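The chain is numbered in sequence order, starting from 1. If you're wondering where the values come from, they're calculated on a predicted model, not measured in any experiment. All heavy atoms count here, side chains included; hydrogens, waters and symmetry mates do not.
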Amino acid sequence: MEALELALVLLAVVLVSSVITQLVPKVSAPLVQIVLGIALALLAPQQIDITLDPELFMVLFVAPLLYDEAKNADKAALWRYRGPVLGLAIGLVVLTVLAMGYAVHVALPLIPLACAFALGAALSPTDPIAVASLSETAEIPKRSSSILKAESLLNDASGIVSFQFAVALGMTGAFSLADATQDFVFSFIGGLVLGALMGYLGNLLVRLVRRTGLENTTFHVLFEVLVPFIIYLVAEFFHVSGIIAVVAGGLVNVISPRESNPSVSRMNIVSTSVWRVISFGLNGVVFVLLGTQLPQAMAHTWEDVTINNGYLLLVILALTAVLLVVRFLWILITSRLKAHRKTKQGASGCPSLRDDLYESLVMTLSGAKGTISLAVMFNLPNMFPQRELLIFLACGVIVVTLLIATFIVPVIAPSKTPKKSADAQKKEQEAAIDILRGVIEELAAHQTPETRYATQLVITSYNDRISRIKSSGSIQDEAENKLHLKCLEWERERTKQLVDAGDFSPAVGYRNLVRLDSVESLLCHRAGNRTFSGLLVRIRSVARKGIGALIQSLPDALVADRLLERRNLQLACAQYVISKLQKMLASPEIDVPAEVAGTLLVEYQRAARSLTSDSPSITMLTNLAAKSTDIERFALQLELEQIQKFYEDGIISRTFARRMRENVNLMQLDIGDTI
């Protein structure tokens with residue numbers, strides 16, 4: 001029960017971090033989650049002590065995270081930059097393990113060399129989340145960004161394999177270069193082959209199920225979620241690298257069908273959403289766990305009198321410097337060697353030394369450490385020599401690299417967002433509003449007396465969507481008050497007609513005019529109208545109120561009949577305005593935004609319904625809900641047609657059209673499509 005409560009608390013903290021990162025976008029999510037984890041540990045009534053089986057931790061956290069990274073990797077960029085990527089993922093990892101291992105052992109001789117190698121291996125992978133978030137705040141060259149993303153995938157696998165060998169060496173103390181090389185080759189190649197094979201077997205299974213007609217989105221997504229766990233466990237059973245196998249299975253990614261149709265599109269949307277939640281949740285839990293363990297690790301290490309605390313902080317900074325220097329030199333030297341080779345071959349357009357220095361510096365500082373490094377450090381056996389000290393050092397280096405990537409890289413490579421992006425965003429918002437307005441107009445034109453109430457509900461939802469777009473884009477709507485005042489004029493017009501025709505008494509007519517003047521006065525005040533016409537409106541309102549008060553003072557014995565008469569007059573006025581608004585929406589020359597007219601139409605129709613009907617029955621509500629669902633499906637189909645029309649007319653881009661179609665597909669799922 002305690003484990004369940006702790007899991008729920010961790011997820012709640014991750015949820016809070018997602019809100020904070022939206023409020024403070026310049027601070028990376030890992031840093032926020034670490035701080036929240038520390039706060040949780042300090043505020044907890046008792047010490048949060050987390051002990052997970054190392055194998056369970058690897059399969060629960062590392063396997064799905066690596067699979068998701070591999071699945072979403074840019075395979076074309078991975079192949080295009082295979083030389084630099086393999087150099088960073090293998091050569092730099094080995095160099096980092098050696099350099100960090102010897103540096104740690106020299107700085108802190110009480111840490112055995114094999115254990116220091118384990119720390120170096122854990123700190124060799126880069127964090128893909130940090131790399132992805134940098135693109136939003138820094139202007140990283142496209143080539144560098146592609147290499148960083150591909151590197152963060154492959155060096156995870158090589159770093160973890162190196163870590164596992166270092167841990168085995170640290171626990172046993174025995175090491176044979178020949179045996180280690182043989183085990184590494186068998187583990188690496190075996191994991192690669194097994195992962196690819198299991199990926200294709202999964203594809204075969206999905207095809208067989210699809211041929212029977214039993215496969216749907218639920219089956220597909222759940223099966224895809226299970227794939228990394230199955231691959232990892234099977235690989236470990238055959239004593240090959242489960243990490244390499246998971247990465248191979250993700251790179252193959254043969255689970256998703258290759259054909260393109262609406263059902264596959266919905267399937268991919270749901271799959272992407274599920275994996276996004278899983279990835280964010282697992283990454284967040286790992287960083288929050290780091291925060292909860294930092295006070296304990298710091299207290300244990302901080303209270304160790306054999307090591308000076310100030311010296312420990314200097315060691316963390318020195319290890320970070322070693323890590324960055326080794327990375328910078330590797331990137332710069334390999335880049336210059338490639339440029340020299342191209343120059344000898346007579347190629348043109350080779351980067352200058354200055355360009356290489358700048359690119360190497362950006363790529364070096366962007367290589368922050370994160371989730372995988374934390375996960376493998378938590379994976380250290382409890383009996384591992386100097387475990388608490390190693391975790392303390394790893395946490396310190398990870399935090400420093402995250403701070404550098406978050407605050408220093410955007411200064412070195414500031415984001416150069418073009419001014420036209422704001423204009424493009426505004427155009428997209430306006431296009432989205434026009435698309436939704438077109439749907440409202442079509443719905444209003446197709447409604448019948450039987451579907452009127454259900455259509456009102458759907459139109460209201462579309463008006464709400466338009467309001468949200470306007471709110472996010474700060475798009476002001478000046479026509480709303482103007483049309484509302486026009487509706488009040490129509491009500492006055494109808495009131496005078498009915499009173500002059502003798503259908504209603506003058507007392508009831510003037511009472512209704514007083515009500516309309518009160519509403520008009522409120523609208524003018526809300527709009528901040530200080531013009532001369534606004535002043536005349538308020539003067540007229542006060543005068544009519546006075547006349548109405550005189551008429552109301554006249555004797556009237558039939559109070560109930562007068563109330564019923566007032567109700568009928570308001571109903572007649574509402575029906576008159578409804579007919580006017582419906583004609584306006586049906587007119588091709590409508591001069592006001594459709595959502596404004598639609599909103600007022602719904603308001604008046606609701607008012608008319610409340611004036612004519614009693615409380616609805618359960619059966620009526622059920623029928624209304626069913627009709628609303630049908631009309632909502634029809635509206636979403638109209639929206640898809642509008643999106644296609646705008647795309648064909650060149651008003652919106654292909655990317656924006658695809659994004660809007662995906663949103664519609666998700667809403668189609670929400671209203672009852674089978675998933």
Side-chain angles (χ1 to χ4, degrees), residues 2-52 57 60-62 65 119 122-123 127 129-130 133 279-304 307-317 319-320 323 368-380 382 386-408:
E2 292 182 358
L4 175 61
E5 292 175 354
L6 178 60
L8 293 176
V9 170
L10 292 176
L11 289 175
V13 174
V14 173
L15 186 63
V16 172
S17 73
S18 68
V19 177
I20 296 177
T21 52
Q22 294 181 49
L23 298 175
V24 192
K26 291 188 176 181
V27 180
S28 63
L31 288 176
V32 173
Q33 290 156 355
I34 291 173
V35 172
L36 290 176
I38 294 174
L40 177 63
L42 296 177
L43 297 175
Q46 60 185 9
Q47 180 176 302
I48 300 177
D49 190 12
I50 300 173
T51 55
L52 280 177
F57 198 91
L60 186 61
F61 288 93
V62 178
L65 288 175
L119 176 61
L123 292 174
D127 184 52
I129 303 299
S133 62
S279 177
F280 182 81
L282 292 179
N283 275 291
V285 167
V286 172
F287 280 109
V288 174
L289 281 176
L290 164 64
T292 60
Q293 299 306 295
L294 264 182
Q296 178 182 351
M298 290 181 65
H300 184 275
T301 307
W302 208 256
E303 295 170 359
D304 189 351
I307 307 175
N308 182 272
N309 293 329
Y311 181 72
L312 271 181
L313 296 179
L314 288 177
V315 168
I316 289 175
L317 295 177
L319 292 179
T320 305
L323 198 67
K369 313 304 172 183
T371 309
I372 301 300
S373 297
L374 285 175
V376 296
M377 287 306 296
F378 282 133
N379 198 41
L380 279 175
N382 292 328
Q386 301 296 331
R387 181 179 186 272
E388 295 293 335
L389 179 57
L390 290 172
I391 291 178
F392 176 80
L393 294 175
C395 293
V397 173
I398 290 169
V399 170
V400 173
T401 57
L402 285 172
L403 289 172
I404 292 173
T406 302
F407 298 108
I408 296 182

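Here the CG-CD1 distance, from L43 to I38, works out to 11.5 Å after rounding to the nearest 0.5 Å. With rounding to the nearest 0.5 angstrom, the CD atom of Q386 is 12.0 Å from the CG atom of L380. L289 contributes atom CG, which lies 11.5 Å from atom CD1 of I34 (distance to the nearest 0.5 angstrom).
Two residues are said to be in side-chain contact when any heavy atoms from C-beta on lie closer than 4.5 Å; T401 and L123 fail this criterion. Side-chain atoms of L36 and I20, non-hydrogen and from C-beta on, do get closer than 4.5 Å to each other. Within the 4.5 Å cutoff, the side chain of K369 has heavy atoms near those of the L323 side chain.
In this view, S17 and Q33 satisfy the side chain to side chain donor-acceptor pair (under 3.5 Å) rule, not counting sequence neighbours. The side chain to side chain contact (heavy atoms under 4.5 Å, CB included) test applied to F407 returns V27, L31, L403, not counting sequence neighbours.
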Please list every donor-acceptor pair under 3.5 Å in which a side-chain atom of residues 8-16 meets a protein atom from a residue at least two apart or in another chain.
none

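In terms of heavy atoms, R387 sits closest to M377 at NH2-O, 4.4 Å. In terms of heavy-atom proximity, A394 sits nearest to L119 at CB-CD1, 3.7 Å. In terms of heavy-atom proximity, S373 sits nearest to A122 at OG-O, 2.7 Å. Closest approach of A41 to G291, counting heavy atoms only: CB-O, 4.3 Å.
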Full working for side-chain contact (heavy atoms from CB on, under 4.5 Å) between L389 and L312 = CA-CA 10 Å; L389 179 57; L312 271 181; 3.9 Å; yes
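Looking at V397, I316, V315 one by one, the single match for side chain to side chain contact (heavy atoms under 4.5 Å, CB included) with F392 turns out to be I316. A side chain to side chain contact (heavy atoms under 4.5 Å, CB included) with L402 is found for exactly one of I398, V399, I404, namely I398.
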